[in-house]
There are 2 protein chains.
Amino acid sequence: MPPGDPLREQLIAQFDGLSGQLQQAARYLLEHPNEVALVSMRELARHAGVQPATMTRLAKALGFEGYNALRARYAEALRHERDGFADKARRAGSSKIADGDERAANLLRKTSAQLLSLCDPEPLMQLNAMAKRLAKARKVYVVGLRSSHVVAWHFHYVMSLLGERSIHLDGPAGTGGDALMRATKNDVLLVVSIQPYTADSLVLAKRAADQGVTIVSITDSAVSPLAGISRHAVLCPTESDSFFHTLVPALALSEALCALLADTDRAATLDALQRADEHHAALNTYATLPPWRHC
Amino acid sequence: MPPGDPLREQLIAQFDGLSGQLQQAARYLLEHPNEVALVSMRELARHAGVQPATMTRLAKALGFEGYNALRARYAEALRHERDGFADKARRAGSSKIADGDERAANLLRKTSAQLLSLCDPEPLMQLNAMAKRLAKARKVYVVGLRSSHVVAWHFHYVMSLLGERSIHLDGPAGTGGDALMRATKNDVLLVVSIQPYTADSLVLAKRAADQGVTIVSITDSAVSPLAGISRHAVLCPTESDSFFHTLVPALALSEALCALLADTDRAATLDALQRADEHHAALNTYATLPPWRHC
DNA sequence: AATAAAATGATTCATGTGTTGCTTTCGCGC
DNA sequence: GCGCGAAAGCAACACATGAATCATTTTATT
């Protein structure tokens with residue numbers, strides 16, 4: 001559909017070689033590219049003032065297998081128009097890549113696009129609001145079970161470098177939720193859960209909500225069980241071509257959240273990192289020095 | 001399709017009153033609004049993991065005459081979104097994006113680009129080679145400490161769904177590395193470590209290498225201490241504008257690795273997932289069903 | 001525990017779809 | 001005027017689609 005689209009160019013290039021009815025059909029495609037995928041061929045033909053068969057013939061004249069192939073091409077253009085970079089991304093990996101490499105490349109490209117989709121105004125707004133709410137909490141409890149453990153743990157780990165406000169609800173022998181008993185109305189519970197939602201997470205969140213604790217969540221849908229009870233919910237895509245859902249967008253959100261929180265009090269952050277640095281230096285935790293030396 | 005769309009709101013509002021299959025269908029509509037008008041009802045139902053009839057029922061539950069009316073509504077939204085797209089792009093830089101929004105967007109965009117950079121031939125090749133090596137290992141030991149715990153744990157979690165070849169070197173009271181004592185030359189140790197490299201990880205890797213265990217690693221540099229002793233090393237970017245290094249690319253690599261491994265024996269994978277599914281169903285682990293039902 | 005009610009799955013059906021082969025029309029040189 | 005070839009219209013077909021119906025399972029209620 002955009003002026004630079006290769007199909008559009010082809011249509012224009014071949015136009016003069018087409019004849020009568022084909023031209024009329026082609027003209028309609030050029031002028032109403034978005035209609036193509038949204039209505040049936042017969043209806044499209046009616047609008048274009050052309051016989052249905054002409055559309056089939058045009059498709060073949062353009063080198064497509066049949067009309068459906070042409071239609072699919074327009075549908076694809078519609079899907080990816082929002083992010084015009086999609087073509088760029090697709091072309092990027094077009095060089096000589098091996099059989100199995102293509103599989104991995106597709107997974108990574110798709111995930112990359114999902115991260116970009118998080119830059120839409122809506123998730124950004126929620127993320128920012130969540131950061132503000134977390135910043136003024138007395139304590140921040142964090143829970144994320146099973147696959148979501150990845151995100152919850154990472155959030156807690158980073159926050160624990162910055163202070164002692166974060167409490168990870170993840171103890172052995174099922175004691176994970178116990179710390180919540182001391183939660184107050186000034187506290188916030190960050191719940192991370194994506195489909196399939198772990199039952200324990202939901203129970204814990206519900207209990208906390210009843211206690212008056214503010215719930216914020218990183219989850220995957222506006223109709224997630226968490227979205228209803230959350231003060232703020234950031235929605236992240238999780239779809240993947242593999243058999244499990246991807247956690248990469250959720251983790252990226254967690255990192256962004258941590259960055260925003262660290263920004264709210266730069267002085268305190270630097271001070272905390274200084275202490276952490278000294279601590280780890282004394283213990284020889286690291287084989288090389290932490291990287292925030294030169295910030 | 002936009003967050004404020006009345007149909008979307010209605011869908012969310014009515015969601016709790018819907019039942020089972022209807023909810024699953026509704027969820028798919030919410031998460032893939034642009035697909036609705038672009039594919040047939042039956043195909044949509046397949047993607048949503050739902051019977052075709054369910055889509056008809058959902059349409060009527062939402063007050064539409066039939067599915068076609070619903071579909072027309074989505075088609076209209078698609079048409080209008082594109083109209084609105086023009087001026088949205090026009091005032092893109094100007095409008096109300098809060099200060100913190102830009103910060104988060106920058107982080108996410110940068111991370112997204114880093115994922116794309118993993119689609120270069122070099123990392124893909126390494127990743128594929130690593131997957132092949134892991135596929136024929138007797139046991140796969142996994143270690144990743146501190147921030148890298150995120151990646152190591154995720155890899156182990158997914159692999160544990162697929163079988164019992166994976167062993168996570170992460171026990172309490174410093175016993176994490178003990179399992180390595182039983183490692184043989186037929187085993188592989190996957191080490192995840194980025195700067196600053198945790199000393200314990202390196203010690204463990206060195207010991208394993210001396211035992212004759214094959215080392216593969218996800219790390220951040222060709223001159224990482226791990227790269228030298230690794231049979232295969234996938235390098236991932238970790239740079240971030242925040243004070244900590246990003247783990248998102250490393251996690252994405254882990255996911256891709258898992259997908260490649262799952263692909264090597266599809267039958268076994270599906271069988272293992274079936275078992276996992278039954279297990280969790282019996283225990284009521286999840287509040288909703290795992291998503292791989294309809295693959 | 002038994003029954004009713006609702007939800008889900010499977011089957012069937014009428015309709016609309018894209019396609020194809022055939023007929024008709026049109027343009028053009030002889 | 002007459003054939004000739006390409007383009008355009010037409011109608012029938014095979015097939016997929018959305019919807020309606022009935023059977024089965026699940027869930028709730030008494």
Side-chain angles (χ1 to χ4, degrees), chain A residues 7 11 14-29 32 35-76 196 199 223 225, chain B residues 7 11 14-29 32 35-76 277-278 281-282 284 286-291 293-295:
Chain A
L7 176 53
L11 217 37
Q14 284 195 243
F15 190 85
D16 290 324
L18 300 176
S19 200
Q21 297 295 98
L22 270 324
Q23 284 196 353
Q24 190 169 337
R27 176 172 291 117
Y28 189 85
L29 291 201
H32 304 86
E35 286 300 294
V36 180
L38 294 180
V39 304
S40 75
M41 183 192 83
R42 288 179 125 97
E43 194 171 352
L44 196 75
R46 274 193 330 112
H47 288 130
V50 146
Q51 291 267 343
T54 307
M55 287 298 172
T56 306
R57 288 165 181 154
L58 177 62
K60 296 200 169 168
L62 292 171
F64 288 92
E65 175 71 23
Y67 178 79
N68 275 323
L70 177 73
R71 180 214 188 87
R73 179 68 180 67
Y74 272 93
E76 197 59 24
V223 292
Chain B
L7 177 53
L11 219 37
Q14 284 195 241
F15 188 85
D16 291 321
L18 299 176
S19 198
Q21 296 295 98
L22 270 324
Q23 285 196 350
Q24 191 170 338
R27 180 186 300 271
Y28 189 85
L29 292 201
H32 305 84
E35 285 299 292
V36 179
L38 294 179
V39 304
S40 75
M41 184 192 82
R42 289 179 123 96
E43 195 171 349
L44 197 76
R46 271 196 330 109
H47 287 138
V50 145
Q51 291 255 348
T54 306
M55 287 296 173
T56 308
R57 289 167 178 154
L58 177 62
K60 297 202 165 168
L62 292 172
F64 288 91
E65 176 69 23
Y67 178 79
N68 275 324
L70 177 75
R71 179 211 188 90
R73 178 68 180 69
Y74 272 94
E76 200 57 27
D277 202 352
E278 284 164 12
N284 282 319
Y286 295 116
T288 58
L289 289 175
R293 267 293 173 79
H294 39 74
C295 291

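The analysis underlying the following values was restricted to heavy atoms, covering all of them including side chains, and did not include hydrogens, waters or symmetry mates.
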Using whole Å, what does the distance between atom [atom2] of nucleotide [N] and atom [atom1] of [X] come to?
X: B:Met55; N: D:dG18; atom1: CE; atom2: C1'; answer: 13 Å
X: B:Glu43; N: D:dT17; atom1: CD; atom2: C1'; answer: 12 Å
X: B:Gln23; N: C:dT8; atom1: CD; atom2: C1'; answer: 14 Å
X: B:Arg46; N: C:dG9; atom1: CZ; atom2: C1'; answer: 18 Å
X: B:Tyr67; N: C:dG16; atom1: OH; atom2: P; answer: 18 Å
X: A:Gln51; N: C:dT23; atom1: CD; atom2: P; answer: 17 Å
X: A:Asn68; N: D:dC15; atom1: CG; atom2: C1'; answer: 12 Å
X: A:Leu58; N: C:dT20; atom1: CG; atom2: C1'; answer: 17 Å

So, is [X] near the phosphate of [N], with a side-chain N or O under 4.0 Å from OP1 or OP2?
X: B:Lys60; N: D:dA19; value: no
X: A:Ser40; N: C:dG16; value: no
X: A:Thr56; N: C:dG18; value: no

From the set [options], return the single nucleotide nearest to any side-chain atom of [X].
X: B:Arg57; options: D:dA19, D:dC22, C:dT19; result: D:dC22
X: A:Ala53; options: D:dA19, C:dG9, D:dC10; result: D:dC10
X: B:Met41; options: C:dG18, D:dA8, D:dA19; result: D:dA19

(request) Please determine which of A:Arg42, A:Glu43, A:Arg57 meets the side-chain contact (heavy atoms from CB on, under 4.5 Å) test together with A:Pro52. (result)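 For A:Pro52, the side-chain contact (heavy atoms from CB on, under 4.5 Å) test succeeds with only one of A:Arg42, A:Glu43, A:Arg57, which is A:Arg42.
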Under a 3.5 Å distance rule, please check whether [X] uses its side chain to pair with a backbone N or O of [Y] as donor and acceptor.
X: B:Arg71; Y: B:Val39; value: yes
X: B:Gln23; Y: B:Phe15; value: yes
X: B:Gln21; Y: B:Gln51; value: no

(request) For B:Gln14, check side chain to side chain donor-acceptor pair (under 3.5 Å) against everything at least two apart and list the hits. (result)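 For B:Gln14 the side chain to side chain donor-acceptor pair (under 3.5 Å) partners, ignoring immediate neighbours, are B:Gln10.
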(request) Please confirm whether any donor atom in the side chain of A:Arg42 sits under 3.5 Å from an acceptor in the base of C:dG18, or the reverse. (result)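 Side chain to base: pair found, below 3.5 Å.
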